[in-house]
Structure formats: C-alpha cells, structure tokens
Amino acid sequence: RSSDLENVQCFCSLQITGDTELLSTSDLRKNTNYMILINVKSIEVKNNQKLGDLDGLAGIQNVTGDIAIEDLPEITFDGLSHLTTVNGNFRIEDLETTSLLPLAGLTRVGGALAIMSVDQLTSLEGLGDITEVGSIDVRSNDNLVSFSGGLGAVATITGQGAFSGKYYVVVYSNEALTTTDSFPMNGITVDDHVLIRSNPVLCGSANLLMNSFWSGVGADTIVIRSNGNSCPS
C-alpha cells in the first residue's frame, strides 16, 4: 500500500474483538492505511466493553462480505459515515447507541439487516436511503417506538439471509413499538414471508399493514401474532 493513493482496496477482514481495555480505533489510522481504504471484505467489532468509536474505519465505503457490530456498550457509528454498500449481512446487536444517523449514506445491504437489542434507539432514523436489502430483522429493541426516518425507501427485498430461511421481514419483541409507519411495504411481494410478533403495544398499525398495504399478499405468508390486544391472534 502507499499513503499516496487516494483509493485503496483491501481483500481482507478487519477484526477488533475481545479487547476489554480498548477505548478508540483512531490509532488504526496512525499505524495503517485504513483511513484511505475504500473497499474491504468484512468487518467484525465485538465484545470491546470500553470501545467508544469506529473512527479508525473512516473512509470505508464498500464491504463485500459481512459487518458485525456487537456487544459494544459505548460505541457510536460516526466512523462508518462513508459506508454505502454491504454485500453480505449487517448485524447490529447489544449496543447502547442512541442513533443510527451516521449510517445515512447506506443504500444497500445484500444480506440480512439485523438490528437487535439496541435498547436506546427510539427510531431507525439514518436508514432512510436504503433501497435494497436481503432481509430485515428488527427485534428486542426495548425503546424503539417507530420506524420513522428509516427503511421507508426500501423497494427490493431479495430474501438473502432470511430468518429461519423463510421470513424476509421480522419485527419481533419490540416492547415500545407503537407504529409501523415508514415500514418497507413497497418491497414486499406475494411470495415473501413476514413475521410481526410479540410487540405488546403494536396493534392498529399491524392490522393496517395486513388489511391495506399488502392486499395482494397471501395470508399464509404473513404471521401477525401476540401483539397488542386488538391485533390478529
């Protein structure tokens, strides 16, 4: 690699895992050329209890494989603000971040987009420019109230990475979810399977989705169950 290059491709996997004392990834930019990397194979950042940023990954635009950002109670996403495409799965799990806004440049996730146990999120704002996903799995986000600002632009859901090999869209066990406004209904087709289950205060919106937006989707492909009292059982 050369520091004189503006765009660098690296067919490598970046792993930052299990370092309980690591506070920042900014040193990566001093010791490597990650600051000018445009494309990488995969990114895995997990189990770094004190890590507060992903700044060392700034500049990365395309990931040809998967991204996993998991079990990072102090993390923010500012270092991924240039990210536009993930060809594989993008898993965001067990975080305390309050915002996905730094991901506003993301337009495509080829596999599963999974947002799980991110308990401080109240909306999915920041994901509003995504037009294509393989599948969507939004579950166990205790303070997520709505999909406002996120996923409303999704026009294509391919089924890649589908939960249990079946469900293209999963909305499960989100304790505070009251509305599915901005839900990616435009991407759903008659062959897709959808699971909306165990969201205790989600009622009328789920009914609306069933009765109006997906009028051409077979009932056997949509499971809406164990939500609020007025929802289908």
Side-chain angles (χ1 to χ4, degrees), residues 1 3 8 10 12-107 109 111-130 136-151 174-176:
R1 304 188 190 102
S3 59
V8 176
C10 172
C12 56
S13 298
L14 306 180
Q15 285 188 316
I16 306 171
T17 61
D19 189 332
T20 58
E21 299 301 319
L22 182 66
L23 300 178
S24 173
T25 59
S26 59
D27 283 347
L28 292 175
R29 302 181 67 179
K30 299 176 184 178
N31 300 326
T32 73
N33 283 329
Y34 289 171
M35 61 179 161
I36 55 174
L37 282 178
I38 301 299
N39 301 322
V40 297
K41 183 177 180 181
S42 64
I43 299 173
E44 182 181 39
V45 186
K46 295 182 180 181
N47 304 319
N48 304 287
Q49 298 302 308
K50 297 182 180 180
L51 183 63
D53 67 66
L54 298 173
D55 292 352
L57 308 182
I60 293 176
Q61 298 178 12
N62 305 302
V63 178
T64 60
D66 300 334
I67 298 181
I69 310 294
E70 301 179 28
D71 195 12
L72 305 166
E74 304 296 329
I75 206 69
T76 66
F77 282 94
D78 293 346
L80 294 179
S81 61
H82 293 95
L83 185 67
T84 61
T85 303
V86 180
N87 287 340
N89 302 319
F90 191 174
R91 187 179 185 93
I92 300 170
E93 183 175 6
D94 285 331
L95 310 182
E96 296 298 323
T97 188
T98 60
S99 175
L100 300 178
L101 280 172
L103 300 176
L106 188 63
T107 60
V109 177
L113 173 61
I115 302 170
M116 308 169 71
S117 299
V118 187
D119 290 338
Q120 300 307 312
L121 278 184
T122 58
S123 77
L124 299 184
E125 188 174 4
L127 304 181
D129 284 345
I130 297 176
I136 298 168
D137 194 339
V138 179
R139 70 171 71 194
S140 301
N141 302 289
D142 287 350
N143 287 297
L144 183 66
V145 175
S146 75
F147 292 97
S148 177
L151 302 179
N174 299 285
E175 294 293 319

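Below, all heavy atoms of this structure are taken into account, side chains as well, without hydrogens, waters or symmetry copies. For reference, positions follow the sequence shown, starting with 1.
- Residues Asp19 and Asn48 bring no donor and acceptor atom of their side chains to less than 3.5 Å of each other.
- For Glu44, the salt bridge (charged side-chain N to carboxylate O under 4.0 Å, His left out) test picks out Lys46, with sequence neighbours left out.
- At a cut-off of 3.5 Å, with distance as the only test, no side-chain donor of Thr17 or Asn47 sits close to an acceptor on the other residue.
- Applying the salt bridge (charged side-chain N to carboxylate O under 4.0 Å, His left out) rule to pairs touching residues 90-105 yields Glu70-Arg91, Arg91-Glu93, sequence neighbours excluded.
- Partners of Asn62 under the side chain to side chain donor-acceptor pair (under 3.5 Å) rule, at least two apart in sequence or in another chain, are Asn39, Thr84.
- Between Val138 and Asn174, the closest heavy-atom pair is O-ND2, 3.1 Å.
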Determine, stepwise, if the pair Leu100 / Val118 fulfils side-chain contact (heavy atoms from CB on, under 4.5 Å). CA-CA 10 Å; Leu100 300 178; Val118 187; 5.7 Å; no

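- Partners of Asp66 according to the side chain to side chain donor-acceptor pair (under 3.5 Å) rule, which considers only residues two or more places apart in sequence or in another chain, do not exist here.
- Pairs passing the salt bridge (charged side-chain N to carboxylate O under 4.0 Å, His left out) check and including a residue from residues 112-123, sequence neighbours excluded, do not occur.
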Output, in order, the C-alpha distance, side-chain angles, deciding distance and verdict of side-chain contact (heavy atoms from CB on, under 4.5 Å) for Val45 and Thr25. CA-CA 10 Å; Val45 186; Thr25 59; 5.8 Å; no

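- Applying the side chain to side chain donor-acceptor pair (under 3.5 Å) criterion to Gln49, with sequence neighbours excluded, gives Asp71.
- Between the CG atom of Leu124 and the CZ atom of Phe147 there is a distance of 6.0 Å, given to the nearest 0.5 Å.
- Asp142 places no side-chain N or O within donor-acceptor distance of the main-chain N or O of Glu175, the cut-off being under 3.5 Å.
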